[in-house]
Protein chains: 2
Amino acid sequence: MDPNTVGFTKHDHSHCISDAITAADRMCRDAGLQLTPVRKRALSILLEEHRALGAYDVLARLSEEGFGAQPPVAYRALDFLTKHGLAHKIERLNAFIACAHPNELHTPAFLICTTCHAVAEAETDPSHSLLSQIAETTGFTIARAVLEAEGTCPNCREKSAA
Amino acid sequence: MDPNTVGFTKHDHSHCISDAITAADRMCRDAGLQLTPVRKRALSILLEEHRALGAYDVLARLSEEGFGAQPPVAYRALDFLTKHGLAHKIERLNAFIACAHPNELHTPAFLICTTCHAVAEAETDPSHSLLSQIAETTGFTIARAVLEAEGTCPNCREKSAA
DNA sequence: GCCTCAAACGTTATGTTATTACATTCTTCG
DNA sequence: CGAAGAATGTAATAACATAACGTTTGAGGC
């Protein structure tokens with residue numbers, strides 16, 4: 001399994017930030033979007049932390065670095081990132097996390113460890129799609145969907161067993 | 001299709017409230033839980049509205065009826081209901097809705113219509129479970145999960161097509 | 001190059017959602 | 001009855017989010 005696929009395993013974090021920024025740059029250029037300084041910095045903050053951050057956490061870091069200090073500064077940057085698939089909002093936590101699989105069109109599933117508070121983004125198998133099954137049986141047209149699970153990650157499970 | 005399974009179809013609402021209350025009463029008695037007046041009233045408010053209500057909406061109605069007027073009154077009642085499967089929180093909306101399938105152990109999927117704001121609780125097929133697939137491939141132990149989809153319900157879709 | 005216009009940004013103010021903390025009352029059960 | 005735990009009420013505050021408005025920036029047409 002690709003270590004980056006599931007965030008509960010150690011991985012080489014040194015390059016993944018710059019790689020992700022580069023990818024975001026390219027994506028925005030190709031799509032005619034402006035990855036402005038605030039937006040880029042907000043993304044890199046999420047990438048650096050590699051966990052779900054509240055909007056006010058991001059705001060605090062942005063304002064320390066000379067960006068505006070008012071909530072809309074953070075919310076607007078985060079809105080941009082989530083709108084264009086560079087980050088996701090974890091509804092359960094009212095928090096934001098950098099997307100682990102940008103580029104790919106995907107419906108992410110999040111696994112939230114209630115012990116260590118890590119959040120992993122798991123890929124769902126589209127061929128197996130629960131969502132299309134639901135859409136079919138109910139006549140509902142799905143625009144966006146979120147799947148969030150709370151529980152215990154492999155690391156914490158191991159520790160508690162020891 | 002059972003009209004109550006998917007909330008987008010008309011159904012006989014006159015009895016479903018009292019039936020649900022009766023079922024909740026029995027469930028709590030059997031489980032040794034106290035379905036106190038505030039809790040029961042909070043549940044009936046959710047049932048009457050038959051849609052997702054914010055905690056402060058519920059609070060307003062409770063306080064009108066002589067219950068406490070401070071947020072914890074509503075949050076505690078709603079916590080009780082959600083903890084014991086009588087209601088669910090829709091994270092996407094920061095709102096609460098009475099459970100359409102009490103008794104049954106289930107992982108509900110919610111369909112949120114962005115046009116009429118109706119929320120339906122769809123049953124997921126456990127044998128088909130996306131969640132167990134994820135748990136298996138990641139080693140994550142899932143305690144609770146929420147699946148929420150936004151889109152257009154059959155009724156609104158029909159109207160916009162007309 | 002320069003003008004125009006829409007997008008992005010900054011700030012003030014306010015709205016909405018949720019929790020902490022603590023005193024009081026009710027229930028259960030020995 | 002009396003103790004212990006659960007449930008309730010209230011005050012205060014924390015945490016999350018948006019509306020509204022003026023200013024700045026920079027992309028694209030001329």
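Everything quoted here is computed from the prediction, not taken from an experiment. Here is how names work: the chains are called A, B, and so on, in the same order as the sequence lines, proteins then strands, and each is numbered from 1.
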- Please name all residues satisfying salt bridge (Lys or Arg N to Asp or Glu O under 4.0 Å) with B:R51, sequence neighbours left out, ordered by chain then number. B:E49
- Item | With sequence neighbours excluded, residues passing side chain to side chain donor-acceptor pair (under 3.5 Å) with A:R26 | none
- Mind checking what makes side chain to side chain donor-acceptor pair (under 3.5 Å) contact with B:K40, not counting sequence neighbours? B:D25
- How far does the helix from C:dG1-D:dC30 to C:dG30-D:dC1 bend, going by the axes of its first and last five pairs, to the nearest 10°? 40°
- Task: Using atom OH of A:Y75 as one end and atom P of C:dG15 as the other, report the distance to the nearest whole Å.
- Result: 17 Å
- Message: Run the ring pair (Phe, Tyr, Trp, His ring centres under 6.0 Å) test against A:F110 and tell me which residues pass, sequence neighbours left out.
- Response: A:H88
- Query: First and last nucleotide of DNA chain D touching chain B, 5' to 3', heavy-atom cut-off 4.0 Å?
  - Reply: D:dA6 to D:dA11
- Which residues share a side chain to side chain donor-acceptor pair (under 3.5 Å) with A:E65, sequence neighbours left out: A:R41
- Specify the separation, in whole Å, of atom CG of B:D79 and atom P of C:dT17. 16 Å
Please tabulate, for the side chains in residues 143-153 of chain A, all donor-acceptor contacts under 3.5 angstrom to protein atoms that are two or more places apart in sequence or on a different chain.
residue	atom	partner	partner atom	Å
A:R144	NE	B:E150	OE1	3.3
A:R144	NH2	B:E150	OE1	3.2
A:E148	OE1	A:R92	N	2.9
A:E148	OE2	A:E91	N	2.8
A:E150	OE1	B:R144	NE	3.3
A:E150	OE1	B:R144	NH2	3.2
A:E150	OE2	A:R92	NE	3.3
A:E150	OE2	A:R92	NH2	3.3

- Task: Identify, with sequence neighbours excluded, every residue that meets side chain to side chain donor-acceptor pair (under 3.5 Å) alongside B:T141.
- Result: A:R157
- Note on the structure: Sequence neighbours excluded, the answer for salt bridge (Lys or Arg N to Asp or Glu O under 4.0 Å) partners of A:R29 is none
- Answer yes or no for this row: B:Y56 ring on C:dT17 base, centroids under 5.5 Å, planes under 30°. yes
- Task: Report yes if the side chains of A:N155 and A:C113 come closer than 4.5 Å at any heavy-atom pair, otherwise no.
- Result: no
- Query: Does B:F80 have any ring pair (Phe, Tyr, Trp, His ring centres under 6.0 Å) partners at least two apart in sequence or in another chain, and if so, which?
  - Reply: B:H84
- Task: Quick one, give me the B/S/- string for nucleotides 6-13 of chain C, reading 5' to 3', where B means a protein heavy atom under 4.0 Å from the base and S means that only happens at the primed atoms, P, OP1 or OP2.
- Result: -SSBBBB-
